[in-house]
Protein chains: 2
Amino acid sequence: MNGKKPTIDDVARLSGVARVTVSRVLNGGPNVRPAVRAKVMEAVKTLDYKVNPQARSLAGGASRTVGFVFNSDPESEPNSYYEAALELGALRACVTLGYQLLIHQIPTDSAGQQQRILELIDDQRCEGLILCPPFSDDLLLVETVLTRGCKVVAVSPGPSARTLIDGVGVDDEAAGYDLTCALIKLGHHRFGFIAGLETHLSAERRLEGFRRALADHGLGDDACLIRRGDFTFRSGTRLTPEMLDVPHPPSVLVCANDDMAAGALAAAHARGLDIPGDIAITGFDDAPVASIVWPPLTTVHQPVKLLGQRAVEMLVSRLTGAMVDGPSFQQLDHGLVWRQTTKAF
Amino acid sequence: MNGKKPTIDDVARLSGVARVTVSRVLNGGPNVRPAVRAKVMEAVKTLDYKVNPQARSLAGGASRTVGFVFNSDPESEPNSYYEAALELGALRACVTLGYQLLIHQIPTDSAGQQQRILELIDDQRCEGLILCPPFSDDLLLVETVLTRGCKVVAVSPGPSARTLIDGVGVDDEAAGYDLTCALIKLGHHRFGFIAGLETHLSAERRLEGFRRALADHGLGDDACLIRRGDFTFRSGTRLTPEMLDVPHPPSVLVCANDDMAAGALAAAHARGLDIPGDIAITGFDDAPVASIVWPPLTTVHQPVKLLGQRAVEMLVSRLTGAMVDGPSFQQLDHGLVWRQTTKAF
DNA sequence: GCGCAGATTGGAAGCGCTTTCAATGCCGGA
DNA sequence: TCCGGCATTGAAAGCGCTTCCAATCTGCGC
């Protein structure tokens, strides 16, 4: 490090070719003789040369940067397992693909939500965006971003968003359906459902699947009690007592995510109930918390880290032009995980 | 958006000044008459002009980018609460200060750890780095990074790292001491300590504080049983049975973090023990899991999000030259949180 | 052996910004 | 009124890279 970092001109000089040829080699351009390519690569190695990404974007007009946008309350806990796992997967994919990930956490308050996201595109010159719920379903936002010429991939978008942009996710409706059917087979016929925020369409799909299963088995609306939480542990503990204090309480509490299920579990414990004897509980996500609580939670596994990775991969294929047709949705597999908050199957 | 984004020249033209004057205004440079400044600002607003950060770094030589480096196993869960919270705090500070945060997760395998981090500096031109444990204490790594002319702030560094670089953290030794003294006052006199990885010096300090407290109260090494985990829930469940299966088992298990404490709790439950009646348990961090498990965990609170924020603030003051003297350490307050895995105080 | 398409190379012109450094304008003191 | 000195502005020169386009070199068919 005896001075400045080497530049592309240093490489060109050392390998005896023009600067533009080095650029070609570096970018895998066509029409470079193998011998020349090798010579350049050697010079690159000798000098330990690295392209300057800033200069590259300036000249090339592509920042090779994508934004990862998720929602979280400034005062609340840090990003939940769901976001953290998505981010990790996205991060890995970015490293592999040579892109930069700009993490952006947007407060819930939301007056200026859209503004903040647009700034991300304008100020930082992001070429693409990964939108996590509930932004995945903010059609207005999506339109605006697209207008800016920015590619978007949504994580777990609802049906309408899927007509606009690419997305990755599991089949939440089917997952809700499968889980509920299995619960019915287990003998349950009075259900409680702790839903999440309405704005998270993918979580709402779980509820739809749940309802369809009930209907398919001839169980009407009177067989289920539905309450709405906000995906937090606390909302689980808060809602549970009131769902249990009714004439014919449910024999199982189906929760839209694991945190709320953990909350429900805690509330049930607090009432001295036996789980799953007195009340069964199920979650969704298969987050670490599902294995940590006692008894461990029956839940639906979804490959969250993989979702994040796939989202980036899709985004990048859009950016590089490898993908050109209309919006596509990549559906990954989910799976029921039977643990001990439900009777053995 | 009828075409390209406006450039600094557009602003210059519209406001009738030279490009360089616009640049001065934008960067708060001196010697610009208020009237001119206002005129330029107005043009900026009219055009909705945003500086192009890539061009700025190319010309100015400063990337306004800092790296956030943490360690995590590719196969393991996503970043724990600790890292996630640090990241969130750092992210917020970066937004405020106009810097970009480049998150980098480095695998544990570590053959190429150092290499990966250096690439982060060389490839991405990071100006500064935030090092999370265990990198905070990797003196060799720190030296190398400093040689590259890159500023560093360590999160929870040990004593030797503090002589080299800036750092933020709580007084882990005092925290361990305080907690243990309180436990002794509560009547405990046989202790189990589930330590973390040796490479995390800050967690080791908790053990040192623990030992000092024991010594101060005339309790020898025979009064405590020490085992080493890896900060995971699983290591807590694994270690607990063997610590309890001894002639005079401890009456309290002090754990170096909350996840292991949660694991210990689960293992104790599994043996049918009453908590805190048969065995008390304490954690460290005051992570969400501490409130989620049953009974909720007595633990030591540390302001993790704030640590992340402060780390970025320190780093940026170094970068801007606002801070020039030797390495400094910013110590934040910790606090004991009494919940229900220990007897009422 | 000649001519042309395609493969290889290089020259030059910026990308949008900051950084010298030189050119003005202004003030008070002599 | 003239001059030094400072405040204010601008012209020019890049930062390190890519892109466009022209130049040269191949190979092949005839």
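In the text below, chain A, chain B and the rest are named by the order of the sequence lines, each starting its count at 1. The structure displayed is predicted, hence computed values, not measured ones. All heavy atoms count here, side chains included; hydrogens, waters and symmetry mates do not.
As a whole-Å value, the separation of A:Arg33 CZ from D:dT24 P is 16 Å. One interatomic measurement links the two molecules: CG of B:Leu58 to P of C:dG16, which rounds to 12 Å at whole-angstrom precision. Taking atom CD on B:Gln54 and atom C1' on C:dG16, their separation rounds to 10 Å, with Å as the unit. Atom P of nucleotide D:dC15 and atom CD1 of A:Ile8 are separated by 14 Å, given to the nearest angstrom. With rounding to whole Å, A:Asn52 atom CG is found 13 Å from C:dC15 atom C1'. Following rounding to the nearest Å, B:Lys5 (NZ) and C:dC15 (P) show an atom-to-atom distance of 16 Å. As rounded to whole Å, 14 Å separates atom P of C:dA12 from atom CG of A:Asp9. As a whole-Å value, the separation of A:Asn31 CG from D:dA22 P is 17 Å.
Inter-residue side-chain proximity for A:Leu129 and A:Val145 is flagged as met; some heavy-atom pair is nearer than 4.5 Å. For the pair B:Phe68 and B:Glu87, the minimum side-chain heavy-atom distance is below 4.5 Å. Side-chain contact between A:Ser63 and B:Gln54: present, with at least one pair of heavy atoms (C-beta onward) separated by less than 4.5 Å. Residues A:Thr65 and A:Tyr99 have side chains not in contact (no heavy-atom distance under 4.5 Å, counting atoms from C-beta outward).
Nearest-nucleotide positions on DNA chain D place B:Val32 closer to the 5' end than the other of B:Gly60 and B:Val32.
Taking every heavy atom of residues 16-28 of chain A and every atom of DNA chain D, pairs under 4.0 Å involve A:Arg19, A:Val20, A:Ser23, A:Asn27, by number.
Counting any heavy atom pair closer than 4.0 Å across all strands shown, A:Gly61 reaches no nucleic acid atom.
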Candidate pair A:Asp10 and A:Tyr49, rule side chain to side chain contact (heavy atoms under 4.5 Å, CB included), full reasoning
CA-CA 9 Å; A:Asp10 295 324; A:Tyr49 166 77; over 6 Å; no

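Residues A:Tyr82 and A:Ser156 bring a donor and an acceptor atom of their side chains to less than 3.5 Å of each other. Between the side chains of A:Gln330 and A:Arg310, at least one donor N or O lies within less than 3.5 Å of an accepting N or O.
Sorted pairs that involve residues 55-69 of chain B and meet salt bridge (charged side-chain N to carboxylate O under 4.0 Å, His left out), not counting sequence neighbours, are lacking altogether.
Applying the 4.0 Å criterion to OP1 and OP2 of D:dT18, one finds that A:Arg56 has a side-chain N or O inside that range.
A donor-acceptor contact shorter than 3.5 Å is absent between the side chain of A:Thr21 and the backbone of A:Val17.
When the local axes at the two ends of the helix from C:dG1-D:dC30 to C:dA30-D:dT1 are compared, using 5 base pairs at each end, they differ in direction by 50° after rounding to 10°.
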